[in-house]
Amino acid sequence: MIENGLYRTSDIHICTHKIGQPTVFIPVFPGTNCEYDSKKAFERAGAKVITKVFKNLNAEDIRDSVAEFEKAIAQSQMIMFPGGFSAGDEPDG
């Protein structure tokens with residue numbers, strides 16, 4: 001049997017979304033700041049953003065947070081660690 005090499009256009013999928021859209025994971029730890037601004041900046045640039053808060057009130061919360069972070073990392077192409085305060089950067093008050 002010889003194939004004729006013709007294809008039906010109904011069988012060909014053409015992507016209509018021509019721009020790559022990476023997923024960014026932003027972990028939020030106690031003392032973290034800038035996560036909201038960072039999320040907005042990545043979204044304005046066209047990225048999908050996953051933000052998860054690391055809960056640390058007890059051992060079960062920590063285990064759950066580690067599992068959630070692991071899932072989020074597996075779904076992402078980037079991890080962005082937002083800022084925090086260092087000893088010299090704390091606001092007066």
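Residue numbers run from 1 in the order of the sequence given.
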Student: Could you state whether Phe29 and Met80 fall into the same hydrophobic cluster, counting links through intermediate Ile, Leu, Val, Met, Phe, Trp or Tyr residues with side-chain heavy atoms under 4.5 angstrom apart?
Tutor: no
Student: Looking at every heavy atom in both Cys34 and Gly83, which two are closest together, and how far apart are they?
Tutor: CB-N, 4.3 Å
Student: Sequence neighbours left out, what pairs pass side chain to side chain donor-acceptor pair (under 3.5 Å) with at least one residue falling in residues 51-78?
Tutor: Lys52-Glu68
Student: Do you know which two heavy atoms are closest between Thr32 and Pro82, and how far apart they sit?
Tutor: CG2-CG, 3.1 Å
Student: Between Lys39 and Glu35, does any NZ, NE, NH1 or NH2 come within less than 4.0 Å of an OD or OE carboxylate oxygen?
Tutor: no
Student: Starting at CD of Glu43, measure out to CD of Gln21 and round the result to the nearest 0.5 Å.
Tutor: 10.0 Å
Student: Just so I know, are the side chains of Phe25 and Pro27 near enough to count as touching, which here means a heavy-atom distance under 4.5 Å?
Tutor: yes
Student: Does one hydrophobic cluster hold both Tyr36 and Phe42, with members joined at side-chain heavy-atom distances below 4.5 Å?
Tutor: no
Student: With heavy-atom distances below 4.5 Å as the criterion, would you say the side chains of Ile50 and Val24 are in contact?
Tutor: no
Student: Parallel, tilted or perpendicular for Phe54 and Phe69, by the 30°/60° rule?
Tutor: perpendicular
